[in-house]
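One-based numbering, in listed order, for ligands and for the atoms of each.
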Amino acid sequence: MKVYLDNAATTPIDFEVLEVMTEALKLNYGNPSSIHSVGRIARNAIETSRKKIAHILRASTSEIFFTSSATESNNMAIHCSIRDLGIKRVISSPTEHPCILNTLKAAQEYHGVKIEFVSVDGNGNIDYEQLEQLLADSQLKTMVSIMHGNNEIGTVSDLERISKLCEEHKALFHCDTVQTLGKYDIDLSKTNISFLSGSGHKMYGPKGIGIIYVNNNNLIQSLIRGGGQERNMRSGTENVYGIMGFARAFEKLYEKREEFLKHTGELRTYFKAQLSSSGLDIVYNGNQESNFLPHIINLSIPVSDKTDLIMFNLDIHGICASAGSACSSGVEHESPVLAAINAPMNRKAIRFSLSHGTTKEEIDYTVQKLKEIV
Ligand code: PLP
């Protein structure tokens with residue numbers, strides 16, 4: 001049996017999205033910058049896709065740009081706001097994705113930008129009062145970079161609250177929404193967000209395509225220079241079928257978001273109930289009562305000679321899960337997120353992440369194998 005429970009690392013592609021993309025690959029081959037009819041068809045497909053995305057986010061089409069990945073979008077938001085908007089300080093959290101943490105490190109090293117981290121509690125919730133204090137404490141032009149849903153432990157931050165704090169203190173707000181885009185209703189007309197990032201392959205869309213929302217008030221220039229595509233904001237010939245795939249995947253997931261949250265929420269409860277009656281010694285990482293992504297279950301079991309090779313053994317039984325943040329590398333290393341929440345060192349963490357296609361049978365099989373291995 002093959003059980004894919006690593007949907008936070010990447011999702012399988014939705015076949016309807018694949019169809020849109022293969023059709024485009026076959027027929028819509030024009031260069032969108034060409035002014036002839038074939039080029040214009042490709043341009044049209046891009047602009048229609050942009051419109052769909054802007055509509056869902058209640059943004060203007062002029063605020064949406066296509067990139068190669070959320071990693072690129074996050075790099076762009078941080079580097080360009082420092083370079084072009086005079087940002088001198090970034091407040092972030094220790095539980096951010098490596099593409100934020102490593103970019104901040106580089107910004108500090110190369111541009112002398114001050115980086116400050118808000119504390120997180122044992123479930124990864126940021127300290128909002130400390131954030132307010134930090135914002136009030138300095139006259140330096142500041143950007144807050146805090147993610148919406150955590151990719152490892154599923155903790156969800158309060159976008160409205162952070163956005164209000166940023167507004168009150170005239171700080172910019174950059175938000176990595178990779179794990180929540182399409183699953184949550186993010187209304188940019190009501191939320192004061194300066195930059196937002198998203199990735200196609202976390203939404204049942206293709207890999208190698210991302211978006212960045214750049215609020216019209218923040219006039220940054222491009223990170224990648226060249227032929228001036230994307231209205232001079234991101235050069236490089238556009239990934240037409242990727243863009244079309246992104247838009248269709250986003251649209252589809254957004255339409256079914258309530259079903260997605262309900263299904264994964266019910267399965268999560270079922271999974272936890274089965275684990276509880278299995279007699280396994282389990283501790284959960286991240287919020288369990290509220291403010292969590294239902295599809296991400298991060299649990300830990302006591303370290304022993306049997307759990308040493310647990311990921312390998314699960315894999316032998318056809319179960320795909322993740323030990324830490326799987327999208328960084330295939331190598332197991334200590335997760336900075338688990339370190340930040342002080343997860344016990346004598347336990348081994350496993351992240352199972354569900355999809356709308358996950359079944360109870362797959363959960364039963366996983367619990368049974370987990371019990372056998374441990
Ligand atoms: N941000 C978060 C929260 C993620 O989970 C990931 C990937 O796992 C990324 C950013 C990077 O996205 P991409 O694979 O599009 O570069």
message: Under a 4.0 angstrom heavy-atom cut-off, which atoms of ligand 1 come close to A70?
response: 12 (O), 13 (P), 15 (O), 16 (O)
query: Would you say E96 touches ligand 1, if touching means a heavy atom closer than 4.0 Å?
result: no
query: Salt-bridged, K262 to E266, with N to O below 4.0 Å?
result: yes
message: Show the atoms of ligand 1 that are less than 4.0 angstrom away from any heavy atom in D176.
response: 1 (N), 2 (C), 3 (C), 10 (C)
query: Just checking, any donor-acceptor pair under 3.5 angstrom between side chains of Q288 and R268?
result: yes
task: Would you please indicate yes or no on a ring centroid separation below 6.0 angstrom for H295 and F260?
output: yes
query: Between M147 and ligand 1, which residue portion shows a heavy-atom distance shorter than 4.0 Å: side chain, backbone, both, or neither?
result: side chain
message: Working note: L159 + T180, criterion side-chain contact (heavy atoms from CB on, under 4.5 Å); need CA distance, chi angles, decisive distance, verdict.
response: CA-CA 11 Å; L159 280 197; T180 52; over 6 Å; no
statement: Closest heavy-atom pair, R347 versus V283, reported as atoms and distance to 0.1 Å, is CZ-CG2, 3.4 Å
- request: May I ask you to check if ligand 1 and K202 share an N or O to N or O distance below 3.5 Å?
  value: yes
message: Can you name the atoms of ligand 1, numbered from 1 with element, that are less than 4.0 Å from a heavy atom of C99?
response: 10 (C)
- request: I would like to know whether Y4 and D6 meet side-chain hydrogen bond (donor to acceptor under 3.5 Å, both in side chains); could you show each step before the answer?
  value: CA-CA 6 Å; Y4 186 76; D6 204 12; 4.6 Å; no
message: Whether D14 and R248 form a salt bridge (side-chain N of Lys/Arg under 4.0 Å from carboxylate O of Asp/Glu) is what I want to check.
response: no
task: With heavy atoms under 4.0 Å as the rule, classify the contact between N151 and ligand 1 as side chain, backbone, both or neither.
output: side chain
- prompt: Quick one: which ligand 1 atoms are inside 4.0 Å of a heavy atom on S199?
  reply: 13 (P), 15 (O)
query: Purely on distance, is any nitrogen or oxygen of A9 under 3.5 Å from one on ligand 1?
result: no
